[in-house]
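Take a look at the structure below.
Computation of the quantities below employed the complete heavy-atom set of this structure, encompassing side-chain atoms and omitting hydrogens, waters and symmetry-equivalent molecules. Chain identifiers are assigned alphabetically (A, B, ...) following the order of the sequence lines, protein sequences preceding nucleic acid strands; residue numbering begins at 1 within each chain.
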4 protein chains.
Amino acid sequence: MTTRSEVAAIIDHTLLRPESTHADVEELVAEACELGTYSVCVSPSMAPLDLPEGLHLACVCGFPSGAHISEVKAAEAAGAVAAGADEIDMVINLGLATEGDWAGVEADIRAVREACPKSVLKVIIESAALDDDEIVAACRASEAAGADFVKTSTGFHPAGGASVHAVKLMRATVGDRLGVKASGGIRTAEAALSMIDAGANRLGLSASRAILGELD
Amino acid sequence: MTTRSEVAAIIDHTLLRPESTHADVEELVAEACELGTYSVCVSPSMAPLDLPEGLHLACVCGFPSGAHISEVKAAEAAGAVAAGADEIDMVINLGLATEGDWAGVEADIRAVREACPKSVLKVIIESAALDDDEIVAACRASEAAGADFVKTSTGFHPAGGASVHAVKLMRATVGDRLGVKASGGIRTAEAALSMIDAGANRLGLSASRAILGELD
Amino acid sequence: MTTRSEVAAIIDHTLLRPESTHADVEELVAEACELGTYSVCVSPSMAPLDLPEGLHLACVCGFPSGAHISEVKAAEAAGAVAAGADEIDMVINLGLATEGDWAGVEADIRAVREACPKSVLKVIIESAALDDDEIVAACRASEAAGADFVKTSTGFHPAGGASVHAVKLMRATVGDRLGVKASGGIRTAEAALSMIDAGANRLGLSASRAILGELD
Amino acid sequence: MTTRSEVAAIIDHTLLRPESTHADVEELVAEACELGTYSVCVSPSMAPLDLPEGLHLACVCGFPSGAHISEVKAAEAAGAVAAGADEIDMVINLGLATEGDWAGVEADIRAVREACPKSVLKVIIESAALDDDEIVAACRASEAAGADFVKTSTGFHPAGGASVHAVKLMRATVGDRLGVKASGGIRTAEAALSMIDAGANRLGLSASRAILGELD
């Protein structure tokens, strides 16, 4: 998969800076339409959005810390879906992951899953903050809780964003049963293509225009 | 509008007894399919439901007391929509209505409206507990807050359910800008038809089978 | 325990009609102070209240149908506590109880328990709608979920309110590990005293003044 | 104010890394007790905590992006208070601030204020991401919405943390009507004291032990 349109079709065109304005988001939407991306991915306070037919809406949830109680994440996900979101990108409870409380991690994901049973649910595991065993365990907890995708990174963690290693490990863990989304720090076409090679079937990008431009 | 299928097409087939089971609701859905009703109307804890294409799902909200805080009603509506509800039947804050605090009533409705901007919102004003001036004011507050329908009754208030008088007054107040749903205590075809004559374009019925049977 | 002040000290002085106004609640509070009741018990949309030192605030939750999703009940309980409630009187999911899904009933209670870990939690089992086995199971689920009290009735169910039989059975089930609150339809001193004899250590009353008057 | 105990008495001893564990928080609490700080400040998913008498609990809300819907922030605040929090440190909607929609910023704060009317509410304006006019407007919106404190920073924004300039401007804007909390990047006693000189009467610190050690 190396053509521009094939790549565009798996991009969540993303804007998550806290100080982003409604005008910035309108620009994001216009750009997404022009580039032919799969979706726009924004903060929940930006929904509802007036989107053209065919452009999906993804909203983040428990973002970016993940350190909210499950009920609040569930309410946030439900609110986003009610406001028009097709997809929810939630952050796991990283504290529970660090403690090795994988039942707790799974229960937290499940609370969101139950709150939006008809939506695509992506689970951000913040892979750069986890070791390999933790990445595998986080993917398994996501799958057990009914997630549709595992996703590498928020893009806001000091430990960094997506890596080829993490994507490969996540894909190896979930097989073809779940999707894998690479996100966080992907700023060149080379990086994007290497994520796809590693097993990603969705990309979270802010620099979509520049990256797709390189593919022409 | 007197043919059986025309009436069926405007019925919210309804089951709201607190002790209703999932099996009861499955039966309700089967009956709704057989009868050709517009929707099923159930408690939010019954969603999600596995419904055939074309049968809508309405969930009640703040039901039946309406005496919940706006944030909780909003969260409940969003949760129901995320679980698959197309329509939300919310109860107004009757205490505020009785105080004559119509701005408060409107703000409460608006909170739910904003929580489910893409859904059909029906506002239950509990008309049997209000006098005529209050009915008019409640309809105006509903319209101002962006409701799609005004609805007479929960069916659980000791003051009673729908009346021809209330439906006429509600229709006169909202014109053709909003829908009017008659519900609560409608148990015969004669009663159903008189509600339609009075201006109702949606009916909330539990005895749908018996009523439609009378129309054959 | 038959003196007026002893009885007053275990009364939740209660006003839950949906059309109750803020003025009605102010009157309730004044009466509670005068009578020396333990608390006032009101709808969550009435909180916060300006209460004198020593008078407790109880708010109902999931009231009166209990047919809300657990997350909404949890949010409602937390909201009431944040607004000053000391005690939460929640209604169980009667549909799950009727299905015999006691694990589901317990999980629903536990969600509220976790949302207000520092508050007194009373669980309304709507005893008049349950048979004896169900009453026992509902009490056990309440205890397992961490409740502080089991409570007979909402006062709004067509099947009726508190009965001596139900209170005895509830007390026999929970021993002295939990409290038992009798509520719903208690309108005379004789009825109140028989509930206490049967094992109730809290009473939910609207007619507190009349009942205490009889005890003079 | 330069004695160690005076400084300790205005410190919110803070741990907000997403991967913090329950064990880390227990250590934070032990340290807070030993140092004599005013409170511990943690993520909402860490509550409830078992705290000694006299040590307060502050929980962040809408943290750190602030880009959540108001209803979710309100639910999160209420949940934290119900779990034992005395103080709520919420983040404003920075997108609305950047747009200059100060009525929107104020409404967002007010939603949280109403959800926890009995708690101390601190409003994090993320001063390093705002210009002077915006800092003043954010403080005014906070005061109008009923906040108790304005607070400089989350500590997680790339634009930086507290500055003497921002604290002075915030104090000048709110006078002695509100508190001013300096937080974010304060790692030395000199920095802490200069914040106090500039007008701060509360400090958010992670390096409390080292800073207080310098004051001996």
Side-chain angles (χ1 to χ4, degrees), chain A residues 15-25 42-48 59-80 82-83 85 91-101 104-105 108 124-126 128-130 134 154-159, chain D residues 15-25 42-48 59-80 82-83 85 91-101 104-105 108 124-126 128-130 134 154-159:
Chain A
L15 182 64
L16 292 166
R17 281 182 302 107
E19 57 271 38
S20 304
T21 63
H22 286 89
D24 296 334
V25 170
V42 298
S43 295
S45 57
M46 286 299 170
C59 284
V60 295
C61 172
F63 193 89
S65 72
H68 316 264
I69 65 171
S70 302
E71 287 76 9
V72 163
K73 290 181 180 178
E76 185 167 50
V91 185
I92 62 168
N93 188 311
L94 283 163
L96 295 179
T98 305
E99 293 172 19
D101 179 0
V105 171
D108 183 60
I124 307 173
I125 66 171
E126 205 70 286
L130 304 180
E134 291 169 335
T154 62
F156 287 83
H157 197 283
Chain D
L15 182 64
L16 292 166
R17 280 182 304 107
E19 57 270 38
S20 304
T21 64
H22 287 87
D24 295 334
V25 169
V42 299
S43 295
S45 56
M46 286 300 171
C59 285
V60 294
C61 172
F63 193 89
S65 72
H68 315 263
I69 64 171
S70 302
E71 285 76 9
V72 163
K73 290 182 181 177
E76 186 167 51
V91 186
I92 61 167
N93 187 309
L94 283 163
L96 295 180
T98 305
E99 293 173 19
D101 179 1
V105 171
D108 184 61
I124 307 173
I125 66 171
E126 204 71 285
L130 303 181
E134 290 168 337
T154 61
F156 287 83
H157 198 281

Do E126(A) and I92(A) have side-chain heavy atoms sitting under 4.5 Å apart?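 A side-chain contact is absent here, since even the closest heavy-atom pair is not under 4.5 Å.
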Is any side-chain heavy atom of R17(A) less than 4.5 Å from a side-chain heavy atom of D24(A)?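 A side-chain contact exists here, since the closest heavy-atom pair is under 4.5 Å.
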Heavy-atom pairs under 4.5 Å with chain D: which of K73(A), E71(A), E19(A) has the most?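 Going by pairs under 4.5 Å, I would pick E19(A).
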Using a cut-off of under 4.5 Å on heavy-atom pairs, state which of V60(A), D108(A), T21(A), L16(A) scores highest against chain D.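 Greatest number of close heavy-atom pairs with chain D: T21(A).
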With no hydrogens and no angle check, is any side-chain donor or acceptor of E76(D) less than 3.5 Å from a backbone partner on G62(D)?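 Flag set: sc E76(D) to bb G62(D) pair under 3.5 Å.
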Atom pair CG (L130(A)) and OG1 (T98(A)), whose distance is rounded to the nearest 0.5 Å: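 Those atoms lie 6.5 Å apart.
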Can you say whether [X] sits under 4.5 Å from chain A via the side chain, the backbone, both, or neither, judging by heavy atoms?
| X | answer |
| --- | --- |
| L96(D) | side chain |
| S20(D) | backbone |
| H22(D) | both |

Could you tell me whether F156(A) and F156(D) have their ring centroids closer than 6.0 angstrom?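 No, the ring centres sit 6.0 Å or more apart.
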Could you look at N93(A) and say if it's the side chain, the backbone, both or neither that has a heavy atom under 4.5 Å from chain D?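 For N93(A), the contact with chain D is made by the side chain alone.
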